[in-house]
Amino acid sequence: MPESRRLDRLTSMMRRRGIVFPSFEIYGGVAGLVDYGPVGATIKRKVVECWIDHWTSEGDIVEIDSPTITPKSVLVASGHVGEFNDYMSECRTCDSAFRSDHLIEGMHENPDSLDGGELDSIISSNNIPCPNCDDPEWAEARPMNLMFPTTIGAMGGGREAYMRPETAQGMFMLYPSLYRHFKQKLPFGAVQTGRGYRNEISPRQGMIRLREFNMAELEYFIDPENPPGKSGLDQTHGEIVEMISDPEGESPGNHRISIQSALNDGIVKHPTVASFLARTYEFLVKIGIDGERIRFRQHAGSEMAHYASDCWDCEIHGEYGWIECVGIANRTCHDLESHEAYSGTNLLRAWRQFESPRKVSKEVLSPNGSVIGPIFRQKAGEVASAISGLEGTPPPTPFKLALEDGSEVEITSEMVTLKKEEGNVHGEWFTPHVIEPAFGIDRIIWHVLDHAFTEDGKDSEDYVTLRLNERVCPYDLSILPLFDKDGMDELANSLLSEILSIRGVQVNLDSTGSIGKRYARADEIGVPWAVTVDHSSLVDGTVTIRNRDNQQQIRVGTEKLISHIESGDISSLF
RNA sequence: GCGCCUGUAGUGAAGGGGUUAUCACAAGAGGUUUCCAACCUCUUGUCCCGGGUUCAAAUCCCGGCGGGCGCACCA
């Protein structure tokens, strides 16, 4: 068993047994698109269901579902249109392509803000050499948009849109409704699972970098002044995990530490982020990822996404090395504020009630319409609203007042009345902060399969067992009639239909080949239990149940078996 | 997007300008006193696509598509 080939054996098993295939293969295939086959689709669904259940089981998080087609304006506000329009410059000599803003690093304060022409002129005036061949001959910078563009509306004049690059925007769009659903009380969250699209330049590594992929994202809305998680994490969070903190931060380096201690030591700065790191670890282990092959890595300030103020990657180790499978980011108020600004809505806020009402007395200037009107005529309305909009202590008259259009007017004492307002303020509006764990489902499934794939040398042959956790196995059990005749076939079939009728239970009947071969087939795709119908079954109604991972067998009556299948705990029979 | 390597049944491989393309495993039918990949008989199924060279192309050449690796990219 040469180890270098394990990846090949795993991927060919996945094709052979119907887990994952390249898509559209009879037309030559498309890089970066994959199909889940009859076995893989069930595994995927179970991983997703387990994920939803993991986050929604405490009542503070609900599930939503949004369109994948997203109007351009949403993605302009979120920053994706700008961010995804990175410019690329191609070297005329060696054809290498580089991000234009990277080439002029340090030569401009904000390279992101430049258009193609500006980038080109900086590149040429600085005579920037190609990092590959040193020649300073560059083609014009061209925008490289990694989103899939589309148009809403079949005829001309349609609205510009993109396939969503993340599901998160759906949760932000639904914030007002979530806020109402949760009775206007933070914290609360929403999850969404579904497809995301990124038109990768060069998809690689099988299902690791896809162009259309399954994501599962949680947006958790909190009051930044009262972040949940402060009071300590619950008992599961004492697990020692590997954490690699920001190399540019205060305590750089690798730590083997519990997440609770990492929070106490200031390695993780935000209590809610810490809590989600812990619950992410818990989820991954729950579906069968090896806890020893999980680590958390903090983003350096320089690699941070445009929207994030703090970000941890959860990386899982497998055949491709350490792969980022989950990103946990503190997106702060970036998205909600930005959508508020672009859309003009005021619904993206939350109310923070003061513990006791605050007495406020302040002086305000009230415009005197009868004086302002005749003096400023058409501009009077604008002047009046500018006066009302003055903040802080009113200036003494006369004073200069700036208007929206940039002009200035002089305000004299006759134009305004000084009023004293007194009252109680019971609270204030603020924009919630958002903590976002974002899961790459396909990458997680890959690692679940990788970690479950075990090859034991039985005799000279490699014997493959997919030691999947029962939560994510493609079939809950296989029914195997020892002989496909003499009544065993009928008994097996009636058992099959009885078990199939149990809600949510997947069963597979296999009656071809030797019994050993059928066990092997079931083991290879991770079926945890094999139920064999034999001669004794015909006499006394008992069957044998075999455990996939240790081949242990017991004999039980079918009634008892069925009741344990219904309650989901076959293992307690052993 | 560039460079190197590469593409043969479901999977893994062998071969290769010339009759009907080979093998193993898998799959299907049947047989078999089959509880850990047993055996026997039969069966199905393959040269990625397009163009070129040639009397003849799965084989050589070019292009495309896919895969692997490296460079670049990966919010």
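Please read these numbers as outputs of a predicted model, since none were measured by experiment. So that the names make sense, note that chain A is the first sequence line, chain B the second, and so on, each numbered from 1. Side chains included, hydrogens not; waters and symmetry mates left out as well; all remaining heavy atoms used.
Closest to the side chain of A:Arg15, out of B:rC74, B:rC36, B:rU11, is B:rU11. For A:Lys517, counting side-chain heavy atoms from C-beta on, the closest listed nucleotide (B:rA37, B:rC74, B:rC35) is B:rA37. Nearest to the side chain of A:Ser12, among B:rA27, B:rU11, B:rC36, sits B:rU11. Side-chain proximity of A:Ile515 to B:rA72, B:rC35, B:rU11: nearest is B:rC35.
In B:rU46 the base sits anti relative to the sugar, since the glycosidic angle is further than 90° from 0.
For B:rC25, the paired nucleotide is B:rG10, the pair qualifying as Watson-Crick or G-U wobble because both relevant distances are below 3.5 Å. Using N1 to N3 plus N6-O4 or O6-N4 for Watson-Crick, or N1-O2 and O6-N3 for G-U wobble, each under 3.5 Å, B:rC36 pairs with nothing. In this structure, B:rG1 and B:rC71 make a Watson-Crick or G-U wobble pair, each of the two defining distances being under 3.5 angstrom. Pairing for B:rU20 is absent, judged as Watson-Crick or G-U wobble with the two contacts each under 3.5 Å. Base pairing of B:rA58: no nucleotide in any strand meets the Watson-Crick or G-U wobble criterion (both distances under 3.5 Å).
The distance from atom CD of A:Glu212 to atom P of B:rC74 is 22 Å, rounded to the nearest whole Å. Atom CG of A:Leu482 and atom C1' of B:rU32 are 13 Å apart (whole Å). The interatomic distance linking A:Asp534 (CG) with B:rU33 (C1') rounds to 13 Å, in whole Å. Between the CG atom of A:Asp8 and the P atom of B:rC25 there is a distance of 21 Å, given to the nearest Å. Summarising the geometry, the separation between CG on A:Leu480 and C1' on B:rC36 is reported as 11 Å, rounded to the nearest angstrom. Between the CG atom of A:Leu10 and the P atom of B:rU11 there is a distance of 15 Å, given to the nearest Å. For the pair A:Asp484 CG and B:rG28 C1', the computed distance is 14 Å after rounding to whole Å. Taking atom NE2 on A:His299 and atom C1' on B:rC74, their separation rounds to 12 Å, with Å as the unit.
For the P atoms, the distance from B:rA72 to B:rG64 is 24 Å, rounded to whole Å. To the nearest whole angstrom, the two C1' atoms, one in B:rC61 and one in B:rA9, are 27 Å apart. Using atom P as the reference point in both B:rU11 and B:rG1, the two lie 27 Å apart (nearest Å). Nucleotides B:rC39 and B:rC25, compared at atom C1', are 16 Å apart to the nearest Å. B:rA14 and B:rU8 have their C1' atoms separated by 10 Å, with the value rounded to a whole Å.
Of the side-chain N and O atoms in A:Ser202, none sit less than 4.0 angstrom from OP1 or OP2 of B:rG1. When the side-chain nitrogen and oxygen atoms of A:Arg5 are compared with OP1 and OP2 of B:rA13, one or more of them lie within a distance under 4.0 Å.
For A:Arg204 against B:rG70, a side-chain N or O and a base N or O form a donor-acceptor pair under 3.5 Å. Residue side chain A:Glu25 does not reach the base of B:rC48 through any donor-acceptor N/O pair under 3.5 Å, judged by distance alone. The base of B:rC35 lies close enough to the side chain of A:Tyr519 for a donor and an acceptor atom to sit less than 3.5 Å apart.
Here A:Val531 lies out of heavy-atom contact (under 4.0 Å) with every strand. Here A:Thr532 lies in heavy-atom contact (under 4.0 Å) with a base. As judged by a 4.0 angstrom heavy-atom cut-off over every strand, A:Gly206 is placed among residues touching the sugar-phosphate backbone only. Residue contacts shown for A:Arg209 include a base, since a base heavy atom lies under 4.0 Å away.
Comparing A:Val464 and A:Ala31, the nucleotide of RNA chain B nearest to each residue sits closer to the 5' end for A:Val464. Heavy-atom distances to RNA chain B give each of A:Val30 and A:Met13 a nearest nucleotide, and the one nearer the 5′ end belongs to A:Met13.
A salt bridge is defined here as a Lys NZ or Arg NE, NH1 or NH2 lying under 4.0 Å from an Asp or Glu carboxylate O, and A:Asp335 with A:Arg331 meets this definition.
Of the N and O atoms on the side chains of A:Ser245 and A:Gln298, not one donor lies less than 3.5 Å from an acceptor on the other residue. A donor-acceptor contact closer than 3.5 angstrom links the side chains of A:Gln169 and A:His339.
Using cut-offs of 30° and 60° for the angle between ring planes, the A:Phe439 and A:Trp51 rings count as perpendicular.
The closest side-chain heavy-atom distance from A:Ile479 to A:Val507 is below 4.5 Å.
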How far apart are the C-alpha atoms of A:His299 and A:Asp246, what are their side-chain angles, what is the distance that settles it, and do they pass the side chain to side chain donor-acceptor pair (under 3.5 Å) test? CA-CA 6 Å; A:His299 277 205; A:Asp246 181 357; over 6 Å; no

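Nearest heavy atoms, A:Arg198 versus A:Phe148: C-CE1, 3.8 Å.
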